[in-house]
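One structure is given here, and the rest of the page talks about it.
Counting starts at 1 for both ligands and their atoms, in listed order. Nothing here was measured: the structure is a model prediction, and the numbers come from that model. Because only heavy atoms are used, hydrogens play no part in the values below, and waters and symmetry mates are left out as well, while side chains stay in.
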Amino acid sequence: MSEADCRFSAPKGVADLLPPRSALSRAATDYFGQLAPLWGYWPIETPLFEKTEVFERSVGGTSEIVTKQMYTFEDKSGDSITLRPEGTAGVVRAFIEHEIYKKEPLPWRVFYAGEMFRYERPQAGRYRQFKQVGVEAIGAEEPEADVEQIELCLTFLEGIGVVSPRLLLNSIGDKACRPRYLEALDGFLSSNDVSSKLCQECRLRIGRNPLRVLDCKRAECRRVTEFAPKSVEYLCGPCRVHFDAVQAGLQALGIEFVLESRLVRGLDYYVRTAFEVISEGLHAAQDAVAGGGRYDGLVESLGGPPTGAVGFAIGVERSLEATRWANILSIRQPRSGSKAESAASSGLLTPGYSEQKGPPRFRIRDSSPDVVVVGVDDSCRTAALALGSRLRREGIATVVSPVGKSLKARMKYADRAGAHITAVIGPEELTSQTVAIRLMGSTEAKIAKQRTVPSNRAVSEVLAILRSESSEGDGTVSTSAQREPK
Ligand code: HAM
């Protein structure tokens, strides 16, 4: 055998990530790790593999992922193990296993970054091992949680420079209204006129899981399903209210979206909100850089209590391919006057030295929020959402407390979440366009700092308090971006 024959290459569909592209991927994941705490998310790490059943019971027995794409093997003790094809199932398994619902204030907000494995036909933007960054908010029942996650997702994608990100939105109902919709969809797809025009695989899907037909990317199927019944026309009352509130919240934050009736997502656990972000920078067949939605029934179906939840994941390789950085960094080494140098000068590749002497200090990021925004009743929801968004834009970690709970419970939540400040908006504040700002804890000095301020000054007021708090303490800047654990 010649020496050349002995050379190995990486398995099909996986790739080495070499410098300088590796720096780009690392920078993107680090960036997500900086943003997510501003929305109140702590990092979580779950295993790269789980018992196969965890995925079968969550992602769904009829999904493409479970039927075709899982890397499943028997380990030496005969257990069936699967390399994770996505992150949500493992996070939910951990939530139940560690009985987080008994110990922590809900919603439990966690973010992750890591490798996922799917046995797919490799092509541009589609790999067998790929990286996702994502978040899960478990115990989040209210539509504001969906809106805030979409805001975080788009902030990341815009921050790394994804070309023309476009948000697609749909509601696919819940177990109360979905059966009626599925019946209508099944009726439409089964009619001779329609089914004869579908691809062979979709014809098989009709009886098993007709929603999957709407997912098919083949041109002939897309042409037919354009006229399929729409899930939003079959929503029950509570699903309708939820979907309207999600749209109103997005509008309040100035986030544009397109209603896409065929967006059903490829995983079976979704209910109500489903969303994807696509980019013109990618090939149309693989143009989704991110996807997510609600999975209110999943915790219960894996053995936990009934719990609302919402999450999303972003494909790191795919979103980087949708940016201009991908071209800049495809050249091999930075040379004088090269395109990579212009990447450096624009701040992507920063020099590896700093003003500070010695190696960098080891730091642990504190993800407890600086501020919890409390909207007193339903009428204050949008104002609370908008204030949360304004605070985060200044680098202040902010969580908007759910309106569903009593005011006392929400103040307690703010305390348990470790917030420094609560910003309260009630009907009175709404009328006078003010915000009541309170410092958590009860020392006299803190009580003296409680005040009602005009809402257009709320952000600068919060910043001033956080700065003065930190100068009274250890002298470090106090927003969560730089703060160390309390
Ligand atoms: P997903 O839509 O299957 O959702 O994946 C999210 C993103 O991962 C996709 O939009 C895409 O960018 C990327 N991705 C998926 N498959 C591949 C592949 N083979 N190669 C490269 N990139 C890929 C989920 O995984 C859900 N767990 C998201 C979620 C979290 N829903 C609720 N919480």
Side-chain angles (χ1 to χ4, degrees), residues 12-15 17 25 28 32 36 41 44 46 50 54-55 58-60 63-66 68-71 83-93 95 107-138 140 145-146 149-150 152-153 156-157 160 162 165-168 172 212 215 217 263-279 281-283 285-299 308-323:
K12 199 172 165 193
V14 301
L17 199 53
S25 170
F32 194 75
Y41 290 85
I44 186 170
T46 58
E50 298 273 350
V54 171
F55 301 114
S58 48
V59 176
S63 67
E64 292 266 292
I65 293 181
V66 169
K68 295 185 185 160
Q69 298 173 355
M70 294 208 306
Y71 279 92
L83 298 185
R84 62 180 185 193
E86 58 99 53
T88 313
V91 171
V92 172
R93 194 261 314 131
F95 176 82
W108 191 54
R109 293 184 174 85
V110 289
F111 77 90
Y112 48 86
E115 310 301 335
M116 308 292 156
F117 306 87
R118 294 185 193 176
Y119 188 80
E120 296 201 71
R121 200 162 46 81
Q123 52 177 259
R126 195 158 73 184
Y127 310 102
R128 291 182 175 171
Q129 176 180 323
F130 58 97
K131 202 172 278 156
Q132 280 186 348
V133 290
V135 302
E136 313 292 347
I138 307 184
D146 313 24
Q149 284 197 353
I150 290 172
L152 166 58
C153 180
F156 172 82
L157 295 172
I160 64 166
V162 164
R166 219 151 70 99
L167 171 65
L168 308 180
I172 51 175
R212 294 281 80 84
D215 243 0
K217 296 278 190 277
L263 177 68
V264 291
R265 311 276 298 123
L267 305 94
D268 285 353
Y269 49 61
Y270 290 110
V271 294
R272 294 190 171 175
T273 315
F275 66 91
E276 272 182 12
V277 183
I278 58 169
S279 165
L282 292 172
H283 184 265
Q286 304 297 333
D287 59 358
V289 287
R294 285 213 146 251
Y295 48 95
D296 294 346
L298 183 57
V299 174
V310 59
F312 70 80
I314 298 170
V316 174
E317 293 82 356
R318 213 181 273 183
S319 39
L320 288 174
E321 278 160 31
T323 67

Quick one: does Arg166's side chain have a donor or acceptor within less than 3.5 Å of a partner on Glu276's backbone? no

So if I count the atoms of ligand 1 from 1 in the order they appear, which ones are less than 4.0 Å from some heavy atom of Gly125? 20 (N), 21 (C), 22 (N)

Among all protein non-hydrogen atoms, which one is nearest to atom 14 (N) of ligand 1, and what is the separation to 0.1 Å? Phe130 CE1, 3.5 Å

Taking non-hydrogen atoms only, is Ile65 closer than 4.0 angstrom to ligand 1 via side chain, backbone, both or neither? neither

Looking at Arg318 and Gly125, would you say the former's side chain and the latter's main chain have a donor-acceptor pair under 3.5 Å? yes

Note: heavy atom closest to atom 3 (O) of ligand 1, options Arg118, Arg265, Arg84, belongs to Arg118

Considering the heavy atoms of Leu267, write down every atom of ligand 1 situated less than 4.0 Å from one of them. 3 (O), 4 (O)

Would Gln149 and Tyr41 count as having a side-chain donor-acceptor pair, cut-off 3.5 Å? yes

Classify the contact between Tyr270 and ligand 1 as side chain, backbone, both or neither, using a heavy-atom distance cut-off of under 4.0 Å. side chain

Check Asp268 against Gly60 and note the closest heavy-atom contact, atom names and distance. OD2-CA, 3.4 Å

Within 4.0 Å of some non-hydrogen atom of Gly292, the atoms of ligand 1 are 31 (N)

Stepwise side-chain contact (heavy atoms from CB on, under 4.5 Å) check, Asp146 with Phe275: CA-CA 10 Å; Asp146 313 24; Phe275 66 91; 6.0 Å; no

Measure the spacing between CG of Leu263 and CD1 of Ile278 and express it to the nearest 0.5 Å. 9.5 Å

Under a 3.5 Å threshold, yes or no: a donor from one side chain and an acceptor from the other, between Tyr295 and Thr88? no

Mind checking whether Tyr119 contacts ligand 1 via backbone (N, CA, C, O), side chain (CB onward), both or neither, at a 4.0 Å heavy-atom cut-off? neither

Considering only non-hydrogen protein atoms, determine which one is nearest to atom 9 (C) of ligand 1 and report residue, atom name and distance to 0.1 Å. Ala288 O, 4.0 Å

For the side-chain contact (heavy atoms from CB on, under 4.5 Å) test, which of Met70, Glu50, Gln69, Glu120 pairs with Pro85? Met70

Nearest-contact summary for atom 20 (N) of ligand 1 - protein heavy atom, Å: Tyr127 N, 2.9 Å

Indicate whether the side chain of Ser25 and that of Glu317 have a donor and an acceptor atom separated by less than 3.5 Å. no

Test of proximity, Val289 against ligand 1: N or O pairs below 3.5 Å: yes

Test of understanding: given a 4.0 Å heavy-atom threshold, classify the contact between Glu136 and ligand 1 as side chain, backbone, both, or neither. side chain

How does Glu120 reach ligand 1, by side chain, by backbone, by both or by neither, if only non-hydrogen atoms under 4.0 Å count? side chain

Between ligand 1 and Thr88, is the shortest N or O to N or O distance under 3.5 Å? yes

Structural part of Gln132 in contact with ligand 1, heavy atom criterion under 4.0 angstrom: side chain

Below 4.0 Å, non-hydrogen atoms only: which portion of Ser319 touches ligand 1? Side chain, backbone, both or neither. neither

Which atoms of ligand 1 have any heavy atom of Gly315 under 4.0 Å away? 7 (C), 8 (O), 12 (O), 13 (C)

Polar atom proximity, Arg126 to ligand 1 (N or O, under 3.5 Å): no

Below 4.0 angstrom from a heavy atom of Glu86, which ligand 1 atoms are there? Numbered from 1 as shown, please. 25 (O), 26 (C), 27 (N)

Polar contact flag for Glu317 and ligand 1 (N/O pairs, less than 3.5 Å): no

Tell me whether Asp296 contacts the main-chain N or O of Ala309 through its side chain, where contact means a donor paired with an acceptor under 3.5 Å. yes

Could you check whether the rings of Phe32 and Phe156 sit parallel, tilted or perpendicular, using 30° and 60° as the cut-offs? perpendicular

Which atoms of ligand 1 sit under 4.0 Å from any heavy atom of Ala290? 10 (O)

So which heavy atom on Arg93 is nearest to which on Val54, and how close? CG-CG2, 4.1 Å

Under 4.0 Å between a side-chain nitrogen and a carboxylate oxygen: does that hold for Glu86 and Arg118? no

